[in-house]
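Below is one structure, written out as structure tokens; the observations come after it.
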Amino acid sequence: MIIAIDGPSGAGKSTLGKMLAKKLDLLYLDTGAMYRAVGLAVLETGASLEVKEKIIELAAGAKIELIGEPENLQILLNGEDVSKEIRTNEVGQTASIISTISEVRKILVEHQRTLGERAEQGCVLDGRDIGTVVFPQADVKFFLTAKPEARARRRFQEDTEKGRATTYERTLSEINQRDERDVSREDSPLSIAEDAVVIDTSELDLTEVFDQMMKIVSEVQTAKR
Ligand code: DC
């Protein structure tokens, strides 16, 4: 079974994706982490964001691995654990910028498809283009969304808990900037797949969203039997 979860940043995709993967015993793939890993590689080498060829070369050469259980997923870049380093706002913005390059997307989409297809029981993938591009034939497609203020509030809380220095206003402006880029890029922009179930998580708590998602997954599982 392939479950696609798309949506803007801070809508709860990764938390809910992990919960679903754990409950259903599926592989969990955080595709945003892959773009972030390439973003980090770019920042570490000091490559200019203007020089596409260099970025494509870095993406092609980057060995990105996702290992461990969904709740303590580790992201390795060329053998090094970069799980923490990729979570900064700077890396997020860089990931969003390099994700507009078609060749970079091609490399990562191929990697995602290979990992997803290889997973015996199936896979939960979260990202921006899973239901539209990576796995258009996914068994279940969710599009999670929430008002920008709700998403910024959650991100800000998460950042504060993890000791990252920021303000709510800054988080909101960064979220808006990244979303604007992600929906307006030419190649695979963030968009709602025709057959996706849209859930607005602004006013819902985690359990409510999880229950809604599980109900839909169970219906699909029953129909497939
Ligand atoms: O999900 P995230 O915030 O960690 O993703 C970081 C950036 O990576 C996001 O701003 C856009 C890009 N991305 C993408 O283009 N396609 C995906 N499937 C996942 C992420």
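One-based numbering along the sequence shown. Order of listing sets the numbers, starting from 1, for every ligand and every atom in it.
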- Message: Give me the nearest non-hydrogen protein atom to atom 6 (C) of ligand 1 as residue plus atom name, then the distance to 0.1 Å.
- Response: Arg178 NH1, 3.4 Å
- Item | Residue and atom name of the nearest protein heavy atom (relative to atom 13 (N) of ligand 1), distance in Å to one decimal | Tyr35 CD1, 3.6 Å
- First locate atom CG of Leu125, then atom NZ of Lys13, and finally report the distance between them rounded to the nearest 0.5 Å. 12.5 Å
- Item | For atom 10 (O) of ligand 1, the option (of Asp6, Asp187, Asp182, Asp30) bearing the nearest heavy atom | Asp182
- Check whether the side chains of Asp25 and Gln121 place a donor and an acceptor atom closer than 3.5 Å, and report yes or no. no
- Message: Whether the side chain of Asp129 engages the backbone of Thr132 through a donor-acceptor N/O pair (distance < 3.5 Å, no angle test) should be reported.
- Response: no
- Can you tell me if Arg36 uses its side chain to pair, donor with acceptor, with the backbone of Ile86 under 3.5 Å? yes
- Note on the structure: Going by the 4.0 angstrom heavy-atom rule, the piece of Arg36 near ligand 1 is side chain
- Under a heavy-atom criterion of less than 4.0 Å, does Arg185 contact ligand 1? yes
- Who's the nearest protein heavy-atom neighbour of atom 19 (C) of ligand 1, and how far? Thr31 OG1, 3.4 Å
- Task: Within a distance under 4.0 Å of any heavy atom of Ser99, pick out the atoms of ligand 1 and give their elements.
- Result: 11 (C), 12 (C), 15 (O)
- Message: Closer than 4.0 Å to some heavy atom of Asp129 - which atoms of ligand 1 meet that?
- Response: 16 (N), 17 (C), 18 (N)
- Rounded to the nearest 0.5 Å, how far apart are OG1 of Thr31 and CD of Gln112? 4.5 Å
- Message: Checking side-chain polar atoms at under 3.5 Å, does Thr201 have a donor or acceptor matched by the opposite partner on Arg154?
- Response: yes
- Task: Would you tell me which option among Arg128, Arg105, Lys13 has the nearest heavy-atom contact to atom 1 (O) of ligand 1?
- Result: Arg128
- Using a cut-off of 6.0 Å, state whether more than 12 heavy atoms not belonging to Glu50 lie near its atom CD. no
